[in-house]
There are 2 protein chains.
Amino acid sequence: MYYSRDNMAGLLRSHDINPTHQRIEIAHALFSRQEHLSADQVMAIVNTRHSETSKATVYNTLKLFLEKGLVREVIVDPSKVFFDPNTSPHHHLYEVDTGKLSDIDAEHVQISGLPPLPAGMVTEGIDLIVRVRRTG
Amino acid sequence: MYYSRDNMAGLLRSHDINPTHQRIEIAHALFSRQEHLSADQVMAIVNTRHSETSKATVYNTLKLFLEKGLVREVIVDPSKVFFDPNTSPHHHLYEVDTGKLSDIDAEHVQISGLPPLPAGMVTEGIDLIVRVRRTG
DNA sequence: CCGGGAGTTAGACAAAGTCCAGATTGCTGA
DNA sequence: TCAGCAATCTGGACTTTGTCTAACTCCCGG
Ligand SMILES: [Mn+2]
Ligand SMILES: [Mn+2]
Ligand SMILES: [Zn+2]
Ligand SMILES: [Zn+2]
């Protein structure tokens with residue numbers, strides 16, 4: 001298994017993150033599933049096993065992962081942030097009824113005709129979210 | 001002035017909304033400015049004048065406007081929702097440092113190569129957000 | 001061993017938003 | 001005119017998501 005707990009320490013180190021027990025568990029929750037998880041979901045997953053991890057540590061760790069570029073943030077639900085272990089360029093499909101969030105490969109998506117940026121500004125990212133609903 | 005208080009009643013009626021005093025004030029706050037406002041900002045604006053409007057009414061009214069298609073929601077800041085009086089198709093430029101949010105006309109923007117939707121799904125909207133930061 | 005820095009923790013706190021039961025408002029029909 | 005009624009509004013309690021802090025634990029080098 002590529003994203004086994006054992007491999008998490010190396011992954012963390014390669015992103016300049018000191019691998020502690022809690023950080024390994026949190027990384028494993030995200031990377032073994034390859035899903036978009038909220039902080040709450042991460043905490044629930046990590047704490048079903050053993051050794052309780054505190055809320056503060058979950059939030060601290062997710063923020064650290066974000067700063068170090070290990071995960072990315074997806075802002076799509078007005079009430080919570082999702083953390084995304086997939087940092088390659090991609091877009092999102094959001095089912096508004098169910099809250100289900102899935103990836104859209106950026107490879108074949110073309111965005112053209114954007115106006116030039118205001119001077120002194122640099123693009124940090126372009127988020128494309130396709131909001132869908134079940135027909136009815 | 002096109003978006004005077006006097007014209008708000010008609011605008012509300014044309015969207016099947018019973019124009020009450022509070023609803024007119026809230027619509028006026030949004031439409032006279034043509035800006036993206038949070039619920040908090042709306043409440044602050046409405047209450048600088050007279051006749052306090054309660055938090056519950058601000059939230060209820062904004063949700064009603066949303067359902068009736070009078071305004072749209074912009075989800076871009078993880079901590080609060082912005083309400084947008086511009087319901088024509090357009091995209092957004094978000095300055096992550098300052099929180100400043102501005103419109104990008106959709107007219108010349110082309111998005112191509114999106115994969116087909118899952119069966120039984122219909123697109124509710126496509127949100128494109130360009131996140132920018134001041135060079136430094 | 002011991003000291004110190006990095007990491008973790010409980011729990012208080014804050015901000016955004018929801019909910020509810022009671023008060024107000026503004027019609028309407030007698 | 002005005003009582004009755006439905007729609008709307010309200011204060012305030014509550015929930016959820018996230019932040020902060022001061023104390024505690026862990027671990028490593030000397
Ligand atoms: Mn708000
Ligand atoms: Mn929040
Ligand atoms: Zn993703
Ligand atoms: Zn807009």
Side-chain angles (χ1 to χ4, degrees), chain A residues 8-9 12-13 15-30 36-47 49-68 70-84 96 99 101, chain B residues 8-9 12-13 15-30 36-47 49-68 70-84 96 99 101:
Chain A
M8 289 299 101
L12 293 177
R13 270 189 282 266
H15 283 260
D16 203 24
I17 297 166
N18 189 7
T20 64
H21 176 63
Q22 287 89 340
R23 288 168 182 177
I24 287 170
E25 286 298 321
I26 290 170
H28 184 255
L30 282 158
H36 307 88
L37 300 177
S38 66
D40 242 24
Q41 291 176 304
V42 168
M43 186 151 67
I45 290 166
V46 162
N47 284 336
R49 296 183 71 80
H50 48 94
S51 74
E52 304 286 301
T53 299
S54 72
K55 188 172 59 147
T57 295
V58 170
Y59 278 99
N60 289 345
T61 300
L62 289 171
K63 190 186 282 184
L64 178 69
F65 286 3
L66 204 57
E67 285 164 9
K68 298 296 190 175
L70 184 61
V71 302
R72 113 184 215 190
E73 226 176 7
V74 183
I75 299 168
V76 74
D77 178 314
S79 75
K80 68 188 101 161
V81 169
F82 288 102
F83 294 87
D84 192 343
V96 294
L101 185 59
Chain B
M8 289 298 102
L12 294 177
R13 273 190 217 97
H15 284 259
D16 202 25
I17 297 166
N18 189 8
T20 64
H21 175 63
Q22 287 89 341
R23 289 169 182 175
I24 286 170
E25 286 299 320
I26 290 170
H28 184 256
L30 282 158
H36 306 89
L37 299 178
S38 67
D40 244 23
Q41 290 176 304
V42 168
M43 186 150 70
I45 290 166
V46 162
N47 284 337
R49 296 183 70 80
H50 48 93
S51 74
E52 304 287 301
T53 299
S54 71
K55 187 173 59 149
T57 295
V58 170
Y59 278 99
N60 288 344
T61 301
L62 289 171
K63 189 186 283 184
L64 178 69
F65 286 4
L66 204 57
E67 285 163 8
K68 298 295 190 179
L70 185 61
V71 302
R72 113 184 214 189
E73 224 176 9
V74 183
I75 299 167
V76 75
D77 178 316
S79 75
K80 69 189 98 157
V81 169
F82 287 102
F83 294 87
D84 191 344
V96 293
L101 185 59

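Owing to the predicted nature of the structure, the values given are computational and were not obtained by experimental measurement. Naming convention: chains lettered A, B, ... in sequence-line order (proteins, then strands); numbering from 1 in each chain.
We find that CG of B:Asp40 is positioned 12 Å from C1' of C:dA14, with the value rounded to whole Å. Spacing between atom CD of B:Glu73 and atom P of C:dA16 amounts to 15 Å, rounded to whole angstrom units. A:Asp77 has its CG atom 14 Å from the P atom of D:dT16, to the nearest Å. Atom C1' of nucleotide D:dT17 and atom CZ of A:Phe82 are separated by 12 Å, given to the nearest angstrom. Following rounding to the nearest Å, B:Ile24 (CD1) and C:dG26 (P) show an atom-to-atom distance of 11 Å. Per the geometry, CE belonging to B:Met43 stands 13 Å off P belonging to C:dA15, to the nearest Å. Taking atom CD1 of B:Ile75 as the reference point, atom P of C:dA16 lies 16 Å away to the nearest angstrom. Atom P of nucleotide C:dG11 and atom CD of A:Glu52 are separated by 13 Å, given to the nearest angstrom.
Rounded to the nearest 0.5 Å, atoms CG (B:Leu70) and CE (B:Met8) are 8.5 Å apart. The OG1 atom of A:Thr61 sits 12.0 Å away from atom CG of A:Leu66, with the distance rounded to the nearest 0.5 Å. Once rounded to the nearest 0.5 Å, the distance linking OG1 of A:Thr53 with NE2 of A:His21 reads 6.0 Å.
At the heavy-atom level, A:Ser38 lies nowhere under 4.0 Å from the strands shown.
The shortest non-hydrogen separation linking A:Ala29 to A:Leu37 is O-CD1, 3.9 Å.
In this structure, B:Ile75 and A:Val76 have side chains that are not in contact, with every pair of non-hydrogen atoms separated by 4.5 Å or more. Taking 4.5 Å as the limit, every side-chain heavy atom of B:His15 sits out of range of all side-chain heavy atoms of B:Phe65. For the pair B:Gln41 and B:Phe82, the minimum side-chain heavy-atom distance is below 4.5 Å. Within the 4.5 Å cutoff, the side chain of A:Leu30 has heavy atoms near those of the A:Leu62 side chain. You'll find the side chain of B:Val58 stays beyond 4.5 Å of the side chain of B:Val46, heavy atoms only. Using a 4.5 Å heavy-atom threshold, the side chains of B:Asn18 and B:Leu12 count as separate. A:Arg23 places a side-chain heavy atom less than 4.5 Å from the side chain of A:Leu64.
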What's touching nucleotides 6-8 of chain D from the protein side, N or O pairs under 3.5 Å?
from, atom 1, to, atom 2, distance (Å)
D:dT8, OP1, B:Asn18, ND2, 3.4
D:dT8, OP1, B:Arg23, NH1, 3.2

Heteroatom pairs (N/O) under 3.5 angstrom, protein to nucleotides 18-24 of chain C:
from, atom 1, to, atom 2, distance (Å)
C:dT18, O4, B:Lys55, NZ, 3.4

Pull out every protein N or O sitting under 3.5 Å from an N or O of nucleotides 23-30 of chain D, one pair per line with the distance.
none

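Residue B:Ser54 places at least one side-chain N or O closer than 4.0 Å to OP1 or OP2 of D:dT10.
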